[in-house]
Structure formats: structure tokens, C-alpha cells
Amino acid sequence: MKEIIVSTRTGTSLGGVLFSKNNSKWLVIAITGVHGNFYSNPFYYNIGDTLANNGIDFLYAPTRDAYGQIESKNQLTQKKEILGSWNEDFNRGDDDIEAYINFAQQKGYQHIILAGHSLGSNKVIHYLANNDDKRIDDFILLSPANLGHLTSVVSDPQKAVINQQLRTGLGQAMLPFDLLGWLPCTADTAYQWLYSDILDNVHDKKNADFSQVERISKQGALFIGTLDCFTKGNPVKFLKNINDHMASSEYNQLIFIEGTGHTYQEKEQELADKILEVVTNWQGQIEKN
């Protein structure tokens, strides 16, 4: 493993970890979800080791919300920044992803697979829907997050506090409560969770707004645990509904990891093995052609 630093177009520094053993031409970039760091999501170690041991490099790619708060140094201004889920701006997600893809391009990778877990999957969807990035071969979505379901726990009185802070110019002030019951954040960030459609791009209902998903032209693989509680209802049905709205639906692979939830606990190696199988298959198709 090797720690790497990338810089966004606005100078924000993000730190990732590269798993590499054989100078591969193939790289899987894994965009993390909220608090989706190594400590809370140890399956990244399984994926990284499994892929690297089989000739495929893996980049654990935390975005600015991988931790509650973390200190960083802006590469343009040289000033200290405090990043995290506490003040995340969803509009910056594409910049974070682009920074990691630029790193991969600079390192000479010829085949890049863009993956994401949880809210990281929603970010990957947004990126692919709005950027015709020819550097990306395929995508992997792990447990996309149903934001409508997650934010359904926010009460009307809590919404009133958020809107009051925004009206009185306190958007960057912390809320007096944890959003969703576990996310300390500013009113501006909470407002995006509740009302922005930037990352609210997958749903449990068929007739919901899947416009971002529908704009994705690339093929890929979609994974979910059959006990995932971030979907509202049936995880298998949830994943199939997402795929049904994709232009490449008949070519995509849907993989269900039985008996595990959103972070694949106790099935980390099974997940890693399935991802290896998928990527190896893509490699074979490229070599065949």
C-alpha cells in the first residue's frame, strides 16, 4: 500500500491509498461514502489486496466526507482547510472524482474502472451522467444510497430549524442536533441532504426521477447486500429498479451478496472475490477484441 495525495481544481487536497504490486495497466478507483473510511469500511482492504494480488491496481479514494472533520492544506492557497461531512458541498463531488481520475491518467493507467460505495455510488452516478469521460472504461456501484429514505427520519421541527438558520444567514453554523441522528453538520449541508437533487439520484419507486441514471452510457456492475437497510424495503428490487433505468441495463451485471448489509460485514472477502471476477471478465473481453 502507498499513500497518495491528489489535488482538486480548487486546490483541496485529498489523501488516498494505492494498492499495487505489478505496475498494472488496470486501476479500480473506489469513491468512498459518508464516513466511508478504512476504519468503518474495512472491506476496502479485502478488495485492495485481492485485486493487487491478481494484477489489478486498486485506489481507495476518500472524498471530502470520508471523515466527520479532517485537516487539509489547500495546494493553491497554502491555507489550512477543515474538510468533512460536517460542511460538505455536494457540488464539489465531481471535482473530487476528477482529481483521482487525473492522478490515474498521469500514472499511465490504460484502463480505469470508476467504483463507488454508498453515497460514493451516488457521486459516481452524478459524475458519469454529467461528464463524458473517455478515460473511464466501466463502472461499479456498491450499495447506492436512497437519500429519500435516509432523510425521512428528519422531523418537521428539525427542518424548521434548518430553514430558520438559512433565512437568518447562519447557513454555515452547526445545527443544534445531528442530522439523520448521526451526522453533525451545518445548515447548508443539511439543506442539500434534504432538498438538493445533486445526489438524490436513485429511488425505490419506478416513476421517480432517474434522469441522471438514464444519462449514463457506460456499462458496469451493480452490487448490494440482501440485508441492506439504506434502500427502503427490498434491496434486490431496489438495485433492479436502478438498473432498469440504465441505457446499458441488458449488459450490466447485478450481484447480490447474501446475508449482509450496507457495509458487507462478514462477507468482505466474498465481495472482493466477486469484484475480482467482474474485472477479470472485463479484462478478458478487452483482450479478446
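Just so it is clear, the values below take in all heavy atoms, side chains as well, and ignore hydrogens, waters and symmetry mates.
Two rings, from H149 and F230, have their centers 6.0 Å or more apart. Between F90 and H126, the distance from one ring center to the other does not fall under 6.0 angstrom.
For the residue pair T50 and N46, no side-chain donor N or O sits within less than 3.5 Å of a side-chain acceptor on the partner. Between the side chains of T63 and D65, at least one donor-acceptor pair of N or O atoms lies under 3.5 Å. Donor-acceptor pairing under 3.5 Å is lacking for the side chains of Q212 and R215. No side-chain donor from either of N87 and Q172 sits under 3.5 Å from a side-chain acceptor of the other. In this model, a donor atom of one side chain and an acceptor atom of the other lie less than 3.5 Å apart for D94 and N131. Q75 and S13 share a donor-acceptor pair across their side chains, judged by distance under 3.5 Å alone.
For NZ of K232, the number of neighbouring non-hydrogen atoms (other residues, nucleotides, ligands) closer than 6.0 Å is 12 at most. Taking a 6.0 Å sphere around CD of Q78, one finds it holds more than 12 heavy atoms contributed by other residues, nucleotides or ligands. Within a 6.0 Å radius of CD in Q265, other residues, nucleotides and ligands contribute 12 heavy atoms or fewer.
In this structure, E88 pairs ionically with K123, as a charged nitrogen and a carboxylate oxygen lie closer than 4.0 Å. A salt bridge is absent between K206 and D244; no separation between the charged side-chain nitrogens and carboxylate oxygens falls under 4.0 Å.
Applying the ring pair (Phe, Tyr, Trp, His ring centres under 6.0 Å) test to F177 and every residue at least two apart in sequence or in another chain returns nothing.
With respect to P144, the side-chain contact (heavy atoms from CB on, under 4.5 Å) criterion is satisfied by exactly one of L239, L119, L199: L239. Checked against I29 for a side-chain contact (heavy atoms from CB on, under 4.5 Å), the options Y60, Y100, F58 give a single hit: Y100.
Smallest separation of non-hydrogen atoms from I112 and A104: CD1-CB, 3.6 Å.
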Show me the donor-acceptor pairs within less than 3.5 Å that the side chains of residues 273-281 make with the rest of the protein, sequence neighbours left out.
from, atom 1, to, atom 2, distance (Å)
D273, OD1, Q269, NE2, 2.9
T280, OG1, L276, O, 2.7

Verdict with supporting geometry, W282 and H111, ring pair (Phe, Tyr, Trp, His ring centres under 6.0 Å): CA-CA 10 Å; W282 287 337; H111 301 283; over 10 Å; no

